[in-house]
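Structure first, then comments.
Per chain, numbering begins at 1; letters A, B, ... match sequence-line order. Reckoned from all heavy atoms, side chains included, excluding hydrogens, waters and symmetry mates. Bear in mind that the values here come from a model prediction, so they are computed numbers and not experimental data.
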Amino acid sequence: MSLVAAKGRRTHVASADVAATLSVRDVTVAYSNGVVALRDASFDLGPGTICGLVGVNGSGKSTLFKAIMGFVDPRHGEVRIASLPAAEALKRGYVVYVPQSEEVDWNFPVLVEDVVMMGRYGHMNFLRIPSVEDKRKVDEALERLDMSGYRHCQIGELSGGQKKRVFLARALAQEGRIILLDEPFTGVDVKTEVAIVDLLRQLRENGHLMLVSTHNLGSVPDFCDHVVLLNRVVLAAGPTARTFTQKNLERAFGGVLRHFRLEGGELHADEDRRRVTVLSDDERPVVFYGDERGDEEPLRRKNHEDES
Amino acid sequence: MSELLVPFAYEYMLKAMFVSALVGAVCAFLSAYLMLKGWSLMGDALGHAVVPGVVAAYLMKVPYAAGAFFAGLLAAIGMAVVKQHTRLREDAIIGLVFTSFFAAGLLMASINPTAVNIQTIALGNILGISDEDVWQVVIIAGVSMIILILKWRDLMVVFFNESHARTVGLNPWALKILFFTLLAACTVAALQTVGACLVIAMVVTPGATAYLLTDRFGRLLVLSVAIGVTTGFVGAYISYFVDGATGGVIVTLQTLLFLAAFFLAPKHGRLAARRRAAAPSEPAL
């Protein structure tokens, strides 16, 4: 049995040696109603990266993910993953995608461990009979997301954050080198958010490449080393310190962001000329200290890394 | 005692029991998928839609299965086309297409009254099934069963989460076409046993019953198929004694099992729910 499984195994899935790179070149996506959701988007990312994808609703974040995953065909432009055409890389199982909300029937009769096992299908033979290794990877993934205690629960019995962690465990078990996360922090509890960020950091250590869309502007400087700012076009892309600036954010969000500036007279009577700018997209705000130089680095929260 | 063994002495009864069990098994297998997708009425639609194909096949003296299968496929394509080009809801489209096909079948049969007995199509006639038809049913059901056993996990992933199926290298389109081809083929097979009217029960009830009994898809399939086989076999057997329509007996048995599950299922049954309500300290899971 194990011999058969080993024979049928797709050997090229052993993606651990593949350099996780993502190259998006001049990608334009238009929907059938004529709306151009994304125009000439270009950026490059390398291994060991967590890249934040930031933009208003409708700025093309989800469209970009779908274009990378081949769910929509770009009108022109090209996506290359690990130096291969996207379709080829997808077929080899290099890419994992965790959508914003899973379009699944939560009443479907599958247990948590069954869902995580689905991540292993690309590694299995024709009959999809799990091997010892598949089971071990599932156990590991559940353990890492702290979901082992729920493995025999039907998925509909879980809370929102737990559901998210199940699908992250599945993504982990899938072992793709490139991981796309669409709004992973929306509607999840603090515990899950911490778990996600910790996981992303561990994966970065192991050379994975992650592209994470989020509205949670305040946490972007905490864990993203790169940022892509999007509004139908790529407004800016690069290392967080250079790219995630007040000026760029104001360009990306136009009038949509809540914008508070607190300074001198409003706060105190002394001569302190410093001021605070708070930008918020209804979630955790991003805070800038100082004048409108526009190239200031945003404030970081106390790091989880520092705590542990 | 020996009276109970009488049905086994007749070849036509043996044929009826085994064919019903086989058809029950494969329909039950498909039912597990259909009811989860909210596509249960597709079985009914196809059951009715194949009628003109059966009539045409009799008229042209080709195997009825070929005609039925062709009509079923045409109906499925018709539904897909209408859905793509209108904003009509699925139930309206299903109702529209299958009644059109059924009406066409009735019309054809009434114009050529001697060609085929519409009642046979509507109610099935497993007790009078010809050897040739037995072979058709056995081959269709047997091949379908083998494909399903080989591919059930892939189909489960596609039905549960299509975008994920794509990321692990499955082809959802091909698998869905495979599934609907099997469904059309098995609907044709089921026509012989229970008739067009009751096909829907065969492709809904076993899966729905099993759904109340388990939270795991693999077990759901096993339970569903067990229900299909048992009710098919026992239904045909009982129909010898009550002298009733085999399809009616089979489906009645399935309904009884569903009711039993509805009240007695260990986790999702009514009694279990009441027990939980009475003992609120117990965790709901």
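Around atom CD of A:Glu143, no more than 12 heavy atoms belonging to other residues, nucleotides or ligands sit under 6.0 Å away. Shown here is B:Phe18, whose CZ atom has no more than 12 heavy atoms of other residues, nucleotides or ligands within 6.0 Å. Summarising the local packing, OH of A:Tyr150 is surrounded by 12 or fewer heavy atoms from other residues, nucleotides or ligands at distances under 6.0 Å. Other residues, nucleotides and ligands contribute only 12 or fewer heavy atoms inside 6.0 Å of the CH2 atom of B:Trp135. Counting non-hydrogen atoms of other residues, nucleotides and ligands closer than 6.0 Å to CZ of A:Arg75 gives a total of 12 or fewer.
Taking the six-membered ring wherever Trp is involved, the centroid distance between the rings of A:Phe108 and B:Phe159 does not fall below 6.0 Å.
The shortest distance between side-chain heavy atoms of A:Tyr121 and B:Met156 falls below 4.5 Å.
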Walk me through whether B:Leu170 and A:Arg128 qualify under side chain to side chain contact (heavy atoms under 4.5 Å, CB included). CA-CA 12 Å; B:Leu170 298 176; A:Arg128 319 281 178 200; 3.1 Å; yes
With side chain to side chain donor-acceptor pair (under 3.5 Å) as the test, would you mind laying out the steps for A:Gln174 and B:Thr167 before giving the verdict? CA-CA 9 Å; A:Gln174 210 169 330; B:Thr167 70; 3.1 Å; yes
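Atom NE2 in A:His152 sits 12.5 Å away from atom CG in B:Asp215 (nearest 0.5 Å). Once rounded to the nearest 0.5 Å, the distance linking CG of A:Asp114 with CZ of B:Phe160 reads 9.0 Å. Interatomic distance, NZ of A:Lys91 versus CZ of B:Arg166, reported as 15.0 Å (0.5 Å rounding).
Looking at A:Val98, there are no atoms closer than 4.5 Å to chain B (heavy atoms on both sides), in backbone or side chain. For chain A, the nearby parts of B:Ser163 are the backbone and the side chain; heavy atoms of each come within less than 4.5 Å.
The contact list for residues 146-155 of chain B toward chain A, using heavy atoms and a distance under 4.5 Å, reads B:Leu150, B:Lys151, B:Arg153, B:Asp154 by residue number.
The shortest heavy-atom contact between A:Pro109 and B:Leu36 is CD-CD2, 3.4 Å. Nearest heavy-atom pair, B:Tyr211 versus A:Asn107, reported as atom, atom and distance to 0.1 Å: OH-O, 2.7 Å.
Here B:Asn161 is the residue among B:Leu220, B:Asn161, B:Thr214 with the most heavy-atom pairs under 4.5 Å with chain A.
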